[in-house]
Structure formats: C-alpha cells, structure tokens
There are 2 protein chains.
Amino acid sequence: MDEQTEAIDLMRSITSKLIRNQANTMQNLNLNQQQGRTLQYIGLHEGLIQKDLADAFLLRGATISSMLQGLEQKGYIERRVPSDNERQKQIFLSERGSKVLADVNQVFIDSQKKLKQTINDKEYQELIRLLRAVNQNM
Amino acid sequence: MDEQTEAIDLMRSITSKLIRNQANTMQNLNLNQQQGRTLQYIGLHEGLIQKDLADAFLLRGATISSMLQGLEQKGYIERRVPSDNERQKQIFLSERGSKVLADVNQVFIDSQKKLKQTINDKEYQELIRLLRAVNQNM
DNA sequence: TCACAACTCTTAGAAATCTAACTGTCAACA
DNA sequence: TGTTGACAGTTAGATTTCTAAGAGTTGTGA
C-alpha cells in the first residue's frame with residue numbers, strides 16, 4: 001500500500017467492511033446505511049431541523065430533503081413546521097420509527113463489537129483516543 | 001456520543017470530512033471520490049479484471065460495470081477481452097487517464113497530509129499500526 | 001463427451017444522491 | 001417601513017449505485 005495515502009486507504013477499507021457487514025441486516029429493515037445513521041441521529045436529537053442533519057452528515061440540503069421524503073413515506077418519521085419559523089421543518093420519530101431504531105442501533109452495536117475484537121482492550125482505548133483527536137482537529 | 005458505537009461514528013465522521021475536503025478538487029477533475037479511488041487502483045494493478053475491482057472495493061459486479069462504462073466514456077480507461085478467457089475484461093489506463101491519475105493522487109496525498117497534521121508523529125505511527133491491525137482482522 | 005454448475009460481465013429498472021435553480025420566509029438596516 | 005440579502009427547504013434533471021435477472025464462457029464430474 002502506498003505510504004502517502006495509507007491512513008485514508010485503511011479508513012476507507014475498514015469502513016467498507018463495516019458497511020458490508022451491516023448490509024444484510026439493514027436490507028431486512030428496508031434501509032440503507034445512511035438512512036439508518038439518520039434515524040439514529042434523529043433519535044438522539046428529536047425536533048432538530050433538516051439543516052442540522054445536512055451539517056451533521058456534510059450532505060446537501062437537497063439530499064436530506066429527498067432522504068427524509070423516503071423515511072416519511074416508510075412511516076418512520078414525521079415533519080412539522082414550527083409555529084415560530086415557517087421556513088423550517090422539525091423532525092420527529094414516529095412510533096414505527098422508534099421500533100425500527102432499536103433494531104438499527106443493534107446493527108451498529110454489533111459492528112463495533114466486531115471491530116473491537118480485532119485488537120486488545122488497551123489498543124482499542126488508544127485507537128478511540130486518536131480517532132477523537134483526528135476528528136476534532138479536522 | 002454513544003460509547004457503544006463511538007469507534008464507527010468517529011471513522012464515519014472523519015471519512016465524511018475527508019470526502020468533503022476532496023470534493024471541490026475532484027469536481028474540477030470531473031470525477032467523484034469512488035471514481036478517483038478506482039483510477040488509483042487501476043494504476044497500481046494494470047490489466048486487472050472487473051471482478052478484482054468488485055472484490056477490492058466490496059461492490060457489486062453491476063456497480064463496477066456501470067462505473068467503468070462512465071470512466072471509459074470519459075476516455076480515462078480502456079477495456080480488452082483477454083484471448084485466454086473471453087468472460088473477462090482487462091482494464092488499462094489510457095494516456096489521458098494516466099494524466100488525470102497524477103492529479104487524483106495529489107488530492108489523496110493532500111488529504112492524508114491534512115489528517116497527519118491533527119496529531120503528532122508518534123501518535124500518527126500508532127494510529128497507522130492500529131488501523132492496520134483492525135483492517136487485517138476484520 | 002456432455003450436462004450442469006460456476007464464473008464474469010451486462011442490462012433493466014428502481015432508488016439514492018448530486019448540482020443548479022427555484023419558492024417562500026425571516027432578519028437587518030437605511 | 002421597505003428593500004435586500006440570508007436562510008430553509010423543494011424540485012428538476014443528471015449521474016451513480018443498487019438488486020434481480022439474464023447471456024455467454026469456462027470448468028468439472030459422471
């Protein structure tokens with residue numbers, strides 16, 4: 001592997017494997033990875049607006065718009081225009097969405113468990129520390 | 001951040017930022033990130049067949065097929081059926097593809113430099129070591 | 001040898017994502 | 001108060017990626 005790009009090559013490789021591992025289960029839930037991540041984020045920040053999602057995932061507003069239309073059609077979320085600002089739409093999980101979210105969370109938890117098993121506990125703690133620093137400073 | 005999924009959340013976050021950083025330059029080259037990665041891989045393994053790409057990137061054969069049609073239309077690659085196995089197609093960079101590849105490589109090198117600057121040298125070496133181990137054992 | 005499975009790639013059609021342009025709402029300030 | 005720019009979200013159309021099904025080629029075992 002080329003040393004000049006090894007770090008990002010490794011991250012991409014690991015990410016691909018994680019997505020592949022999750023693919024089967026997510027497909028049973030009728031979601032792709034991005035939709036699953038979005039449901040998770042909504043669960044943690046109910047009432048957020050679409051722009052918050054665009055910022056969190058570094059995606060275009062139009063992409064969020066389309067994705068949420070999909071999640072709304074599947075009955076996983078509800079969108080409401082707040083009375084104090086008619087430009088925005090607040091997003092909430094539906095009852096059905098909350099149920100699916102539990103399954104989605106489990107998929108990601110299992111993924112992390114799998115990752116954790118590849119190195120020992122001390123190494124894992126160090127990896128987390130380093131990734132935090134990288135993420136924070138980028 | 002949820003501890004149960006923090007490792008994968010961090011990796012996804014960092015990956016998103018890398019892609020976002022590269023987006024402008026890649027767009028000038030008329031390529032997206034996946035297409036850039038594919039050109040890199042072809043450059044390193046000229047004469048490989050489509051299946052090799054599907055395996056390397058954990059993508060479906062159909063996806064590779066479509067993507068290569070795009071790269072072929074743009075004149076960046078050539079595909080040839082080898083005489084000893086008519087099922088396959090070997091892939092080569094065109095002259096134009098080789099030129100673009102130099103620019104693409106620079107984008108990824110710059111990305112890694114940016115990542116490297118977020119932590120000190122010793123930490124960076126340790127990060128590489130840990131990512132290698134994770135990637136290998138997954 | 002020949003039937004059948006495996007392999008490699010393609011196509012068709014659906015879904016997701018992107019860019020660019022647009023609508024409607026709010027905020028700032030002369 | 002009225003204009004102007006910023007903000008939040010949508011739509012249209014192109015591109016990418018996916019799944020499912022299919023075509024042609026090769027390998028294998030009876």
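Within every chain, numbering begins at 1; the chains are lettered A, B, ... in the order of the sequence lines, protein sequences first and strands thereafter. The basis for the numbers below is simple: all heavy atoms, side chains too, and nothing from hydrogens, waters or symmetry mates.
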Partner residues of A:Arg80 under the salt bridge (charged side-chain N to carboxylate O under 4.0 Å, His left out) criterion, sequence neighbours left out = A:Glu78
Contacts of type side-chain hydrogen bond (donor to acceptor under 3.5 Å, both in side chains), residue B:Glu72, not counting sequence neighbours | B:Arg79
Close N/O contacts between protein and nucleotides 16-19 of chain D (under 3.5 Å):
residue, atom, partner, partner atom, Å
D:dT16, OP1, B:Gln35, NE2, 2.7
D:dC18, OP2, B:Thr63, OG1, 2.3
D:dT19, OP2, B:Arg60, NE, 2.7

Could you note down all residue pairs passing salt bridge (charged side-chain N to carboxylate O under 4.0 Å, His left out) where residues 102-120 of chain B supplies at least one of them, sequence neighbours left out?
-> B:Lys116-B:Asp121
Please list, by residue number, the residues of residues 38-48 of chain A whose heavy atoms come closer than 4.0 Å to an atom of DNA chain C; answer none if no residue qualifies.
-> none
For A:Ser111, side-chain hydrogen bond (donor to acceptor under 3.5 Å, both in side chains) partners two or more places apart = A:Gln22
Residue pairs meeting salt bridge (charged side-chain N to carboxylate O under 4.0 Å, His left out), one or both in residues 38-65 of chain A, sequence neighbours left out, come to A:Lys51-A:Asp55
Donor-acceptor under 3.5 Å (A:Thr38 side chain, A:Gln34 main chain) = yes
Close side-chain approach of B:Leu39 to B:Ile77, heavy-atom, < 4.5 Å = yes
For residues B:Ile49 and B:Ile91, determine if any side-chain heavy atom of one lies less than 4.5 Å from a side-chain heavy atom of the other.
-> no
Can you list the residues that meet the side-chain hydrogen bond (donor to acceptor under 3.5 Å, both in side chains) rule with A:Thr118, with sequence neighbours excluded?
-> none
Side chain B:Asn137, main chain B:Ala133, donor-acceptor under 3.5 Å = yes
How about A:Leu101 and A:Tyr76: do any of their side-chain heavy atoms sit closer than 4.5 Å?
-> no
Is a side-chain donor or acceptor of B:Gln112 paired with a backbone partner of A:Glu3 at a separation under 3.5 angstrom?
-> yes
For nucleotides 6-8 of chain D, give me every protein contact, N/O to N/O, under 3.5 Å, one pair per line with atom names.
residue, atom, partner, partner atom, Å
D:dC7, O2, A:Arg87, NH1, 3.4

Residue-level proximity of residues 96-105 of chain A to DNA chain C when a heavy atom falls under 4.0 Å = none
First and last nucleotide of DNA chain C in contact with chain B, 5' to 3', at under 4.0 Å to a heavy atom: what are they?
-> C:dA6 to C:dT19
Exam field: side chain A:Gln73 to backbone A:Gly70, donor-acceptor pair closer than 3.5 Å | no
Check: B:Arg129 and A:Glu123 side chains under 4.5 Å, non-hydrogen atoms | yes
Qualifying residues under salt bridge (charged side-chain N to carboxylate O under 4.0 Å, His left out), relative to B:Arg12, sequence neighbours excluded | B:Asp9
Reckon A:Gln69 has a side-chain N or O less than 4.0 Å from the OP1 or OP2 of D:dT11?
-> yes
